[in-house]
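Structure, as structure tokens:
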Amino acid sequence: MVCDLPLPTSFTSRPTVTQPSPTSASVHPPAYNYSTIVDYTLNLDIVHSEIPTKFSRAPRTCPFYKRMPHSNFAIDAFSYGRIPDCTGYFLTHFHADHYGGLTSTFNHGPIYCSAVTANLVIHKLGVNSQWVRVLPLNQPVLIGEARVTLFEANHCPGSVLFFFDIPLPSPATAARSFKILHTGDFRACPAQCLNPYIKDTQLDALYLDTTYLDPTYAFPPQREVIEAAPKHRLDDRLLFVVGTYTIGKERIFASIAEALDSKVYVDYPKKRILRCLEDPALWARLTDRAADAQVHVTAMNRITKLHMEAYLRENPAFTHLAAIKPTGWTFACRGLPRRRTFTMEHPTPISRSSNLLIMGVPYSEHSSFRELAAFVLSIQVKQIIPTVNVGDPARREEMRVWLDKWQAYKKHSGVQRIPVRQDYW
DNA sequence: GCGATCAGTT
DNA sequence: CACAACTGATCGC
């Protein structure tokens, strides 16, 4: 299995980093409007003071890239108390670094999210359901003047992209609307670009999850990793243990369990979380009896040699244990992007002994560099605003150079989208 | 007891 | 080492 297919070198070869543009005289963030976004994007240094730093003790204010221009909406912005004039608090998915600050005492206004995220917000955080508004997938809903549509983000269960289509107020521009796509955290795939609301749409702004916007980050398509599950039932006394965070990585343990025709054991707190996912096939595979399941799920931080040795002793029905640590950076190395292969028959062992194997599995829930390139090259958009790695000026500059390069490539080549085969670029 | 913040872990 | 995401300690009320 090939880790990464080649993209034309014209848009994946490393560009030279140019010097930052001259700093604006003003350090005070002006009101949020389209020209502000242009300024911010061209020179993010002027809003560096807005980006939270680890050592700041001052009360934090919501940074510009979490507020949607021409609206009173904020995205994944629960760490700033009540945001002045905010009429809609949007949540892209249920990971702590995005819902951070959201607690049972929240009373600032409506929270808009998917059904799965709503279940988790209510049942895990205890947020009063009077504040939670479930939005459907792939179906526009009017919120005030704005038309909002959610799409599958391919990150974790319940994760969504938000598409905002906002009428512009002034008579001169009444015929036009302002169109924003916010990716939250996502793993880019062609279906996101090809859906009828995005395909052939000229977007004004793309708020982009730029986590792996660096050619270092090359890893296989998720489908190939899922299909790398054992092809047939192995020794009944071999136990698979899969590490997970609160939500995410379900497709790994589900596909292994399916291949082994086994139940899946999770502890009771995890079972309560999985119930929120509204996935009947996953639910039907669960069991409360550890000895009945050849596939167990545990917290990611338990996937260590010491913990797994103890785990095997605690489960005497099994003689051998294969622990799986799904992670996005297994194949990441500093320097040039590499091609590697991955199969369960030739795993990447983190640790092994006579009866214990711990392997890293390159199962990322963020886009690879290549997928990010294909996504940006398959979308028509005026401005791209990174939402990740924005705290480091050097990273901001590197990201800006890549994004400018892709934008220029589209403009000069006339390419509108990257060809798709079998639902993948 | 609750929430905010930061340091530490894998 | 890289990284996202989580966990735990500490502080203030």
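Order of the sequence lines fixes the chain letters, A, B, ..., with proteins taken first and strands second; residue numbering starts at 1 for each chain. No experiment lies behind these values; they were computed from the predicted model shown.
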For A:Gln407 versus A:Val381, what's the shortest heavy-atom pair and its separation?
NE2-O, 3.0 Å
Just compare B:dT10, B:dG3, C:dA4 and give me whichever is closest to any side-chain atom of A:Asn389.
C:dA4
For a quick test of reading the model: is some side-chain N or O of A:Thr216 closer than 4.0 Å to OP1 or OP2 of C:dC3?
no
A:Phe219 CZ to C:dC3 P, in whole Å, measures 13 Å
Categorize A:His93 for me: base, sugar-phosphate, or nothing, with a 4.0 angstrom heavy-atom threshold over every strand shown.
nothing
So, does A:Tyr217 get its side chain near the phosphate of C:dC3, meaning an N or O under 4.0 Å from OP1 or OP2?
yes
Atom-pair distance (OH on A:Tyr99; C1' on B:dG3), nearest Å:
14 Å
Return no unless some side-chain N or O of A:Thr327 is found under 4.0 Å from OP1 or OP2 of C:dC3.
no
Would you confirm whether the ring centroid of A:Tyr99 sits within less than 6.0 angstrom of the ring centroid of A:Phe94?
yes
For A:Phe106 and A:Tyr89, I'd like to know if the aromatic rings sit close, meaning centre-to-centre distance below 6.0 Å.
yes
Taking the six-membered ring where the residue is Trp, are the ring centres of A:Phe375 and A:Phe186 under 6.0 Å apart?
yes
Atom CG of A:Asn107 and atom P of B:dG3 are separated, to the nearest Å, by 12 Å
Round to the nearest Å and state the distance from A:Tyr245 atom OH to B:dT10 atom P.
12 Å
Can you check the A:Asp97 CG to C:dT7 C1' distance for me, whole Å?
14 Å
Which nucleotide, B:dG3, C:dA4, C:dC6, lies nearest any side-chain atom of A:Ala96?
C:dC6
Checking B:dA4, C:dC3, C:dC6 against the side chain of A:Thr103 (C-beta onward), the nearest is B:dA4
Nearest listed nucleotide, side chain of A:Asp185, among B:dT10, C:dC3, C:dA5:
C:dA5
Can you work out whether A:His366 or A:Arg302 has the more 5'-proximal nearest nucleotide on DNA chain C?
A:His366
Taking the six-membered ring for Trp and the single ring otherwise, decide whether the centroids of A:Trp402 and A:Tyr217 are under 6.0 Å apart.
no
Nearest whole Å is fine: how far is C:dC6 P from A:Lys270 NZ?
9 Å
NZ of A:Lys249 versus P of C:dC3: gap in Å, rounded?
15 Å
Over how many whole Å does the gap from A:Tyr212 atom OH to C:dA2 atom P extend?
13 Å
